[in-house]
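Single-structure report; data block below.
Just so we're clear, the structure is a prediction, and the values are computed from it rather than from any experiment.
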Amino acid sequence: MAIKSFNPTTPSRRHMAVVDNSNLSPVAPLKSLTKGKSATGGRNNDGRITTRFRGAGNKRRYRAVDFLRNKDGVPATVATIEYDPNRSANIALIVYADGVKSYIIAPNGLKVGDKVMNGSKAELKPGNCLKLRDIPVGIEICCLELQPGAGAKMARSAGQVAILRGKEDVYAQIKLPSGEVRMIHLDCRAVIGQVGNLDYMAAKLGKAGKKRYLGFRPHVRGVAQNPVDHPMGGGEGRESGGGHPVSPWGKLAKGKRTRNPKKTSKNFIVERRKK
C-alpha cells in the first residue's frame with residue numbers, strides 16, 4: 001500500500017491524497033456473500049434524527065465477513081484481496097479445501113495465493129486464526145474475541161494491532177491499540193498479524209464532496225451558531241464559545257467520563273487506556 005498524490009489541476013486535487021489500491025483484485029464482490037444495505041440517514045425507527053449530520057452518500061452492499069473463524073483444520077487459499085466500503089480495512093476472499101468460500105479481514109502482508117488456516121494446528125503466520133492459549137507471548141495479533149465463540153470484536157480496523165503480553169490461569173493479558181491492558185479468556189480466538197491498509201489514516205479527501213459520498217452532511221460548529229441554537233453560540237465577532245465545550249443540549253463534550261462505574265467488565269481491565 002502507498003499514498004497517491006495528484007498534480008494540482010484543481011483546488012481539490014492540490015491536497016488530495018488517496019490510498020493506492022492498485023494491488024487489490026479487480027473483481028466484483030462475490031454475490032453469495034453480499035446483501036443489500038439500507039441507509040438510515042441518522043434516523044431511528046420513528047423517523048426522528050438521533051445522529052445529526054448524516055444522510056445521502058453512495059449506495060453500498062454489505063460483505064458478510066467471517067469474524068468467527070471456527071472452521072478448524074481445513075486449509076484455505078486466498079483468492080482475492082478486495083476493497084470493502086463498510087470498513088477501513090480491506091477484506092480477503094478465501095476458498096477452503098472443501099470448496100467453502102468466506103471473507104476475512106485482510107492482515108498486513110497477506111497476498112493472493114497465500115495459505116491460511118484456523119485452529120491449533122495452524123502456523124504462526126499472518127492470517128491464521130488460533131485460540132490465545134495456542135499463541136506464544138509477545139506475538140502481534142488482531143481481530144480479537146472478547147467472549148469465546150462470540151466472534152472478533154477488537155482490533156479490526158485498518159492498521160490496528162494488539163499484543164499478547166502474558167498468560168495466567170485461564171486468562172491472557174492483552175495490550176489493546178488504545179493502550180488498555182485487559183484480561184481475556186484463553187479460549188478466545190485471535191488472528192496473527194496486524195490489520196492491513198496501514199496508509200488509510202494518511203489519506204486526505206481533498207474536497208467536501210467526497211465527504212458527502214461517504215454519507216456525511218455538513219457539520220456546523222457550535223460557536224458558529226446563534227445563542228438560540230447552541231449553548232456555545234453567539235458573541236461579538238469570533239468568540240470562542242466560553243466555558244467548557246458542551247453539546248447542543250448542555251452535556252459536557254470533552255473530558256467527562258461516560259463509562260458506567262458499575263459495569264462488571266471493569267474487573268478485567270488491568271491498566272486503563274492512556275488519556
Side-chain angles (χ1 to χ4, degrees), residues 1-6 13 16-39 57-119 122-130 140-144 151-152 154-161 189-206 210 213-215:
M1 286 290 174
I3 290 292
K4 185 165 62 173
S5 58
F6 301 91
R13 283 279 190 175
M16 185 183 292
V18 300
V19 177
D20 184 9
N21 287 330
S22 59
N23 63 326
L24 298 185
S25 304
V27 295
L30 191 66
K31 199 168 185 179
S32 61
L33 291 178
T34 62
K35 60 181 180 180
K37 185 175 185 291
S38 58
N58 216 19
K59 189 176 285 189
R60 303 174 180 178
R61 288 187 63 79
Y62 181 75
R63 281 81 164 158
V65 177
D66 178 18
F67 290 115
L68 292 173
R69 300 289 299 272
N70 53 7
K71 193 175 179 65
D72 292 350
V74 183
T77 305
V78 178
T80 61
I81 306 288
E82 300 178 21
Y83 170 77
D84 188 351
N86 304 298
R87 63 190 77 252
S88 58
N90 293 324
I91 55 176
L93 178 66
I94 60 173
V95 183
Y96 288 96
D98 57 3
V100 176
K101 298 179 180 180
S102 67
Y103 279 122
I104 63 170
I105 299 291
N108 191 35
L110 194 70
K111 300 185 294 296
V112 173
D114 287 353
K115 301 287 186 181
V116 296
M117 197 165 80
N118 313 325
E123 299 178 31
L124 295 173
K125 64 177 188 178
N128 286 354
C129 183
L130 301 88
E140 291 187 345
I141 55 177
C142 61
C143 298
L144 179 64
M154 297 181 293
R156 300 188 336 188
S157 57
Q160 296 299 298
V161 62
R189 293 173 182 256
V191 175
I192 305 297
Q194 179 180 14
V195 181
N197 202 14
L198 306 185
D199 293 320
Y200 174 80
M201 290 299 291
K204 296 179 182 178
L205 297 181
K210 249 190 158 180
Y213 302 156
L214 297 175

field: With Ser22 via side chain to side chain donor-acceptor pair (under 3.5 Å) - residues at least two apart
entry: Asp20
field: Partner set under side chain to side chain donor-acceptor pair (under 3.5 Å) for Lys4, not counting sequence neighbours
entry: none
task: Write down the atom of Ala92, the atom of Val78, and the distance for their closest heavy-atom approach.
output: CB-CG1, 4.2 Å
Those residues that, when tested against Ser88, pass side-chain contact (heavy atoms from CB on, under 4.5 Å) (two or more places apart): Ser157, Ala158, Tyr200
query: Of all residues at least two apart in sequence or in a different chain, which pass the side-chain contact (heavy atoms from CB on, under 4.5 Å) check with Ala79?
result: Leu93, Val95
Distance-only check: which donor-acceptor pairs under 3.5 Å involve side-chain atoms of residues 189-196, not counting sequence neighbours?
from   : atom 1 : to     : atom 2 : distance (Å)
Arg189 : NH1    : Arg69  : O      : 3.0
Arg189 : NH1    : Asp72  : OD1    : 3.0
Arg189 : NH2    : Asp72  : OD1    : 3.2
Arg189 : NH2    : Asp72  : OD2    : 2.9
Gln194 : NE2    : Gly159 : O      : 2.8

query: Which pairs with one or both residues in residues 89-106 pass salt bridge (Lys or Arg N to Asp or Glu O under 4.0 Å), sequence neighbours excluded?
result: Lys71-Asp98
message: Could you check whether any side-chain heavy atom of Lys210 comes within less than 4.5 Å of a side-chain heavy atom of Met16, counting everything from C-beta outward?
response: yes
- prompt: Between Asp114 and Lys125, does a side chain to side chain contact (heavy atoms under 4.5 Å, CB included) hold up when you go through it step by step?
  reply: CA-CA 11 Å; Asp114 287 353; Lys125 64 177 188 178; 5.9 Å; no
query: Which atom pair, heavy atoms only, marks the closest approach of Val19 to Ala203?
result: CG2-CB, 4.2 Å
- request: Quick one: list whatever passes side chain to side chain donor-acceptor pair (under 3.5 Å) with Tyr96, sequence neighbours left out.
  value: Asn118
- request: Please examine the side chains of Tyr83 and Ile91, heavy atoms only from C-beta on, and report whether any two atoms are closer than 4.5 Å.
  value: no
- prompt: Could you walk me through whether Glu123 and Leu130 pass the side chain to side chain contact (heavy atoms under 4.5 Å, CB included) check?
  reply: CA-CA 9 Å; Glu123 299 178 31; Leu130 301 88; over 6 Å; no
- prompt: About how many Å separate CD1 of Ile81 and CG of Leu24, when rounded to the nearest 0.5 Å?
  reply: 8.0 Å
Residues 103-112, side-chain donor-acceptor partners within the protein, below 3.5 Å, at least two apart:
from   : atom 1 : to    : atom 2 : distance (Å)
Tyr103 : OH     : Leu30 : N      : 2.9
Tyr103 : OH     : Glu82 : OE1    : 2.9
Tyr103 : OH     : Glu82 : OE2    : 3.3

- prompt: Heavy atoms, side chains only, cut-off 4.5 Å: are Asn58 and Leu214 in contact?
  reply: no
query: Going from CE on Met154 to CD1 on Ile141, what distance comes out if it is rounded to the nearest 0.5 angstrom?
result: 8.0 Å
- request: Would you please name every residue forming a side-chain contact (heavy atoms from CB on, under 4.5 Å) with Asn86, sequence neighbours left out?
  value: Lys37, Arg60, Tyr62, Arg63, Asp84
field: Heavy-atom side-chain proximity of Leu144 to Arg156 below 4.5 angstrom
entry: no
query: Does the side chain to side chain contact (heavy atoms under 4.5 Å, CB included) test come out yes or no for Met201 and Asp199, once each step is laid out?
result: CA-CA 6 Å; Met201 290 299 291; Asp199 293 320; over 6 Å; no
Non-neighbouring partners of Lys204 that pass side-chain contact (heavy atoms from CB on, under 4.5 Å), sequence neighbours left out: Ala17
query: Does any N or O in the side chain of Asn128 come within less than 3.5 Å of the main-chain N or O of Ala122, such that one atom is a donor and the other an acceptor?
result: no
